[in-house]
Amino acid sequence: MSIAYFSTLGAGLSAVYGGVISLVNTWLVDRHTSKQKIMTMSVQASIGMMAYSVIMRMAMVVGLTLVGYFYLALNSEALIIGLILGLIGFLMDKVLQR
């Protein structure tokens with residue numbers, strides 16, 4: 001039953017949208033990381049930049065998820081599954097690069 005539920009076009013588009021959200025989140029992480037490596041700054045400035053990055057990314061993830069659910073009327077379960085699988089893929093990539 002659940003396989004047929006997630007094999008619809010709407011669920012597929014919702015999962016892709018969730019994956020795009022995680023891709024944008026990954027791009028922002030890479031952007032802030034590379035910016036911190038280039039700049040010479042104090043520890044306090046580095047921590048402030050990290051906190052700003054986390055707050056901005058979480059607000060972006062929540063905002064885009066809510067837009068997908070309420071404005072675009074996407075399937076919430078498939079959207080969240082796509083988002084989570086994208087984030088797990090990002091974490092696995094970062095672990096394997098070390």
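Side chains are part of it too, since the values below use all heavy atoms of this structure and drop only hydrogens, waters and symmetry mates.
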Do [X] side-chain atoms and [Y] backbone N/O form a donor-acceptor pair below 3.5 Å?
X   : Y   : value
S14 : N75 : yes
T65 : V61 : yes
T33 : V29 : yes

Atom pair [atom1] ([X]) and [atom2] ([Y]), whose distance is rounded to the nearest 0.5 Å:
X   : Y   : atom1 : atom2 : value
L96 : L91 : CG    : CG    : 10.5 Å
L79 : L72 : CG    : CG    : 9.0 Å
M39 : M49 : CE    : CE    : 6.0 Å

With [X], which residues qualify under side chain to side chain contact (heavy atoms under 4.5 Å, CB included), at least two apart?
X   : result
T26 : D30, F90
V16 : V20
M92 : I88
M60 : V24, N25, L28, L64

### Task
Check A11 against A78 and note the closest heavy-atom contact, atom names and distance.
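Of all heavy-atom pairs spanning A11 and A78, the closest is O-CB, 3.3 Å.
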### Nearest atoms (heavy-atom pairs only) where S53 meets H32
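Result for this residue pair: OG-ND1, 3.3 Å.
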Does one hydrophobic cluster hold both [X] and [Y], with members joined at side-chain heavy-atom distances below 4.5 Å?
X   : Y   : answer
V54 : W27 : no
L23 : L66 : no
I21 : M56 : yes
V62 : L87 : no

#### Entry: Which residues share a side chain to side chain donor-acceptor pair (under 3.5 Å) with S22, sequence neighbours left out
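S22 satisfies side chain to side chain donor-acceptor pair (under 3.5 Å) with no other residue.
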### Query
Who are the side chain to side chain donor-acceptor pair (under 3.5 Å) partners of S76, not counting sequence neighbours?
none
#### Entry: Beyond-backbone contact of L74 with Y69, side-chain heavy atoms, under 4.5 angstrom
no
